[in-house]
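Heads up: numbering here begins at 1 and tracks the sequence.
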Amino acid sequence: ASPIDISEKQLPIDFVPNGQQLLVGFVWDPALEGRVSVGDQIIAINNISYEQIQLCDLVTKPSVFKTQNQLTLTTKNTKGEIVNTVIERK
């Protein structure tokens, strides 16, 4: 097992797969309140569609979550509103 680097910067939200959708699983940064909420669907990341995902692709393809320090998320909230939000590792 490799050691865990606790000083590594993390994204302020976690993602979870749900069927063929990618959802916001947890929001760590209170500054995102009102923009991104748990359960919001991820529509796109850096203008790449994530509306219909395959779990296998998330596991086997290079992860944008590990390689980028800043991401532009397009999410759809529970009201159906589309929101663009820039998140950064902290």
>> Within this structure, what is the OG1-CG distance for the pair Thr74 and Asn84, rounded to the nearest 0.5 Å?
In response: 4.0 Å

>> Within this structure, what is the CD1-OG distance for the pair Ile13 and Ser37, rounded to the nearest 0.5 Å?
In response: 10.5 Å

> Are any of the side-chain nitrogens in Asp40 or Lys76 under 4.0 Å away from the carboxylate oxygens of its partner?
Replying inline: no

> Within a radius of less than 6.0 Å around CD of Glu81, do more than 12 heavy atoms belonging to other residues, nucleotides or ligands occur?
Replying inline: yes

> Would you say the side-chain atoms of Asn46 pair up with the backbone N or O of Thr72, donor to acceptor, closer than 3.5 Å?
Replying inline: yes

> For Gln68, does its backbone N or O pair with a side-chain atom of Arg89 as donor and acceptor, under 3.5 Å?
Replying inline: yes

> To the nearest 0.5 Å, how far apart are CD in Gln21 and CD1 in Ile42?
Replying inline: 10.5 Å

> So how far is it from Asn18 CG to Gln41 CD, rounded to the nearest 0.5 Å?
Replying inline: 9.0 Å

> Are Ile48 and Leu22 joined in one hydrophobic group, where the rule is that I, L, V, M, F, W and Y side chains link up if heavy atoms are under 4.5 Å apart?
Replying inline: yes

>> For a side-chain contact (heavy atoms from CB on, under 4.5 Å) check, start with the C-alpha distance between Val86 and Leu71, then their side-chain angles and the critical distance, and finish with the verdict.
In response: CA-CA 6 Å; Val86 175; Leu71 300 174; over 6 Å; no

>> So, taking the atom named OH in Tyr50 and the one named OG1 in Thr75, what distance separates them when rounded to the nearest 0.5 Å?
In response: 14.5 Å

> Would Leu32 and Ile43 show up in the same hydrophobic cluster when neighbours are defined by side-chain heavy atoms closer than 4.5 Å?
Replying inline: no

> What do the steps show when you test Trp28 against Asp14 for side-chain contact (heavy atoms from CB on, under 4.5 Å), and what is the final call?
Replying inline: CA-CA 8 Å; Trp28 300 96; Asp14 284 335; 3.1 Å; yes

> Is Ile87 reachable from Val83 through a run of I, L, V, M, F, W or Y residues, each pair having side-chain heavy atoms under 4.5 Å apart?
Replying inline: no

>> Could you measure the distance from the NZ atom of Lys90 to the CG atom of Asn69? Nearest 0.5 Å is fine.
In response: 13.0 Å

> Quick one: do Leu23 and Leu73 end up in the same hydrophobic cluster if we chain Ile, Leu, Val, Met, Phe, Trp and Tyr together by side-chain heavy atoms under 4.5 Å apart?
Replying inline: no

